[in-house]
S.K.: 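Quick one: this structure, given as structure tokens, is what I'll be asking you about.
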Amino acid sequence: MDERYPIGKFQYDGEITPAVVEGWINEIEALPGLLRDAVSGLNDRQLDTPYRSGGWTVRQVVHHLADSHMNAYIRFKLALTEKTPVIKPYEEGKWAELPDSSLPVDISLSLLDALHCRWVHLLRKLSPDDLEKKFIHPESGEVTVGKNIGIYSWHGKHHLAHILAANVGNRS
């Protein structure tokens, strides 16, 4: 198994049906609670342990999820309100090195609780036409709103798997 991709890379080539989308939305909705459970009881030494050799620390992963999902939420809103906008990528590795990535994880956990509440509400109100709207990622090309829901469902599970696989000693 590739430690960088413990659940594999995102792949979905099937039809993006309402049932598929609802499943993905349910996974996005569940992530903040699952993430909170995964880091509950970890001390600072454990939070500052990389999930793999050369990888981010558990703390950085939690803060990355907040950074990434804030960006995703904005990308969804841009795609829903503009005609095929070009979104701005960001240097996630450099963001993980900024001073706010050393804050207590509760700050990002609270942010994710609120963000996912708004995000899920938005996603559940999308029409079939909304799911076909697109944005352009300068590196990945065109991405539909529907497929992006799947990407972020995967993204949360991907990083949750990193945290759960981290060898941080005895979990309380």
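Remember, it's a predicted structure, so these values are computed and weren't measured experimentally.
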S.K.: Are more than 12 heavy atoms from other residues, nucleotides or ligands located less than 6.0 Å from atom NZ of Lys134?
M.R.: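 For Lys134, atom NZ is not crowded (no more than 12 foreign heavy atoms under 6.0 Å).
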S.K.: For Glu3 and Tyr51, which heavy atoms make the closest approach, and how far apart are they?
M.R.: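 For Glu3 and Tyr51, the tightest heavy-atom pair comes out as O-CE1, 3.8 Å.
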S.K.: Run the numbers on Val39 and Leu42 for side chain to side chain contact (heavy atoms under 4.5 Å, CB included), then give the verdict.
M.R.: CA-CA 6 Å; Val39 299; Leu42 297 183; 4.2 Å; yes
S.K.: For Leu131, run the side-chain contact (heavy atoms from CB on, under 4.5 Å) check against Leu123, Thr17, Leu126 and tell me which one passes.
M.R.: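 When Leu123, Thr17, Leu126 are each tested with Leu131, the side-chain contact (heavy atoms from CB on, under 4.5 Å) holds only for Leu126.
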S.K.: If I take atom NZ from residue Lys133 and atom OG from residue Ser127, how far apart are they, to the nearest 0.5 angstrom?
M.R.: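 One finds 6.5 Å between NZ of Lys133 and OG of Ser127.
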S.K.: Atom NZ in Lys157, atom CG in Leu35: separation rounded to 0.5 Å?
M.R.: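 Going from the NZ atom of Lys157 to the CG atom of Leu35 covers 15.0 Å.
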S.K.: Hey, could you give me the CH2/NZ distance between Trp24 and Lys147, rounded to the nearest 0.5 Å?
M.R.: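 Here the interatomic distance stands at 8.5 Å.
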S.K.: Hey, is the main chain of Glu97 close enough, under 3.5 Å, to the side chain of Ser101 for a donor-acceptor pair?
M.R.: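 A pair under 3.5 Å: no.
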S.K.: Hey, mind stepping through His69 and His64 against side-chain hydrogen bond (donor to acceptor under 3.5 Å, both in side chains) and telling me if it holds?
M.R.: CA-CA 8 Å; His69 290 197; His64 162 72; over 6 Å; no
S.K.: Would you indicate whether the side-chain heavy atoms of Ile25 and Trp119 approach each other to under 4.5 Å?
M.R.: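 Side chain of Trp119 against side chain of Ile25, heavy atoms only: no contact under 4.5 Å found.
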S.K.: Do Arg36 and Asp113 meet the salt-bridge criterion of a basic N to acidic O distance under 4.0 Å?
M.R.: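 Yes, Asp113 and Arg36 are salt-bridged.
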S.K.: Taking all atoms of both residues into account, what is the closest heavy-atom pair of Pro32 and Leu112, and its distance?
M.R.: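 So the two residues come closest at CG-O, 3.7 Å.
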S.K.: Please confirm whether the backbone N or O of Gln46 pairs with a side-chain atom of Asn43, one donor and one acceptor, at under 3.5 Å?
M.R.: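 Yes, because the side chain of Asn43 sits within donor-acceptor range (under 3.5 Å) of the backbone of Gln46.
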S.K.: One pair to check against side chain to side chain contact (heavy atoms under 4.5 Å, CB included): Trp56 and Glu92. What are the steps and the verdict?
M.R.: CA-CA 11 Å; Trp56 288 338; Glu92 62 185 37; 4.1 Å; yes
S.K.: Within a radius of less than 6.0 Å around CZ of Arg52, do more than 12 heavy atoms belonging to other residues, nucleotides or ligands occur?
M.R.: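 Atom CZ in Arg52 is packed in, count exceeds 12.
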S.K.: Could I get the full list of salt bridge (charged side-chain N to carboxylate O under 4.0 Å, His left out) partners for Asp106, not counting sequence neighbours?
M.R.: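 Per chain and number, Asp106 pairs via salt bridge (charged side-chain N to carboxylate O under 4.0 Å, His left out) with no residue.
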S.K.: Met70 and Asp67: side chain to side chain contact (heavy atoms under 4.5 Å, CB included), yes or no, with the steps?
M.R.: CA-CA 5 Å; Met70 284 188 293; Asp67 290 340; 4.0 Å; yes
S.K.: Hey, are the side chains of Val20 and Tyr12 touching, using non-hydrogen atoms and a 4.5 Å cut-off?
M.R.: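 Yes; the side chains approach each other to less than 4.5 Å.
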S.K.: Hey, are the side chains of Ser68 and Tyr90 touching, using non-hydrogen atoms and a 4.5 Å cut-off?
M.R.: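 When only atoms from C-beta onward are counted, Tyr90 and Ser68 do touch, with a gap below 4.5 Å.
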S.K.: Quick check: closest heavy atoms across Val145 and Asp130, and the distance to 0.1 Å?
M.R.: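 Distance-wise, the nearest heavy atoms are CB-O, 3.4 Å.
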S.K.: From Glu27 CD over to Leu34 CG, what is the distance, rounded to the nearest 0.5 angstrom?
M.R.: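 The distance works out to 9.5 Å.
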S.K.: With no hydrogens and no angle check, is any side-chain donor or acceptor of Glu132 less than 3.5 Å from a backbone partner on Asp129?
M.R.: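 Looks like no, no N/O pair under 3.5 Å.
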S.K.: Decide yes or no for His158 and Lys9: does some side-chain heavy atom of the first lie under 4.5 Å from some side-chain heavy atom of the second?
M.R.: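 No - every pair of side-chain heavy atoms lies 4.5 Å or more apart.
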S.K.: For the CG atom of Leu160 and the NE2 atom of His155, what is their distance to the nearest 0.5 Å?
M.R.: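 Spacing of CG (Leu160) from NE2 (His155) equals 12.0 Å.
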S.K.: Could you tell me whether Arg59 and Asp44 have a side-chain N and a carboxylate O separated by less than 4.0 Å?
M.R.: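 Looking at Arg59 and Asp44, the cut-off is met.
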S.K.: Determine whether Leu80 and Ile136 fall in the same hydrophobic cluster, where Ile, Leu, Val, Met, Phe, Trp and Tyr are linked whenever their side-chain heavy atoms lie under 4.5 Å apart.
M.R.: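 Shared cluster, no.
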S.K.: Enter the distance from Ser110:OG to Leu115:CG here, rounded to the nearest 0.5 Å.
M.R.: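 Answer rounded to 0.5 Å: 12.0 Å.
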S.K.: State plainly whether one hydrophobic cluster holds both Leu103 and Leu111, where clusters connect Ile, Leu, Val, Met, Phe, Trp and Tyr through side-chain heavy atoms under 4.5 angstrom apart.
M.R.: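 No, it is not one cluster - the side chains of Leu103 and Leu111 are not joined through contacts under 4.5 Å.
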S.K.: Is the shortest side-chain heavy-atom distance between Glu142 and His137 below 4.5 Å?
M.R.: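 No. Closest side-chain heavy atoms not under 4.5 Å.
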S.K.: Between Ile151 and Ile7, is there shared hydrophobic-cluster membership here, with clusters defined by ILVMFWY side-chain heavy atoms closer than 4.5 Å?
M.R.: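 Yes; Ile7 is reachable from Ile151 via cluster members.
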S.K.: Closest heavy-atom contact between Pro138 and Ile87?
M.R.: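 So the two residues come closest at CD-O, 3.2 Å.
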S.K.: Is there a donor in the side chain of His121 and an acceptor in the side chain of His116, or the other way round, less than 3.5 Å apart?
M.R.: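 Absent: no donor and acceptor within the cut-off.
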S.K.: With a 3.5 Å cut-off and no angle check, do the side chains of His162 and His159 form a donor-acceptor pair?
M.R.: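 Yes, His159 and His162 have a side-chain donor paired with an acceptor closer than 3.5 Å.
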S.K.: If you define the side chain from C-beta out and look only at heavy atoms, does anything of Val21 sit under 4.5 Å from Ile16?
M.R.: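 A side-chain contact exists here, since the closest heavy-atom pair is under 4.5 Å.
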S.K.: Are side-chain N/O atoms of His63 and Ser108 paired as donor and acceptor at under 3.5 Å?
M.R.: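 Yes, a side-chain donor-acceptor pair sits under 3.5 Å.
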S.K.: List the steps and the verdict of side chain to side chain contact (heavy atoms under 4.5 Å, CB included) for Tyr73 and Tyr152.
M.R.: CA-CA 10 Å; Tyr73 180 66; Tyr152 277 90; over 6 Å; no
S.K.: Minimum heavy-atom separation for Gly8 and Trp154, please, with both atom names.
M.R.: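 Here Gly8 and Trp154 meet closest at O-NE1, 2.9 Å.
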S.K.: Mind listing the closest non-hydrogen atom pair of Val62 and Ile163 along with its distance?
M.R.: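 Scanning both residues completely, I find the closest heavy atoms to be CG2-CD1, 3.9 Å.
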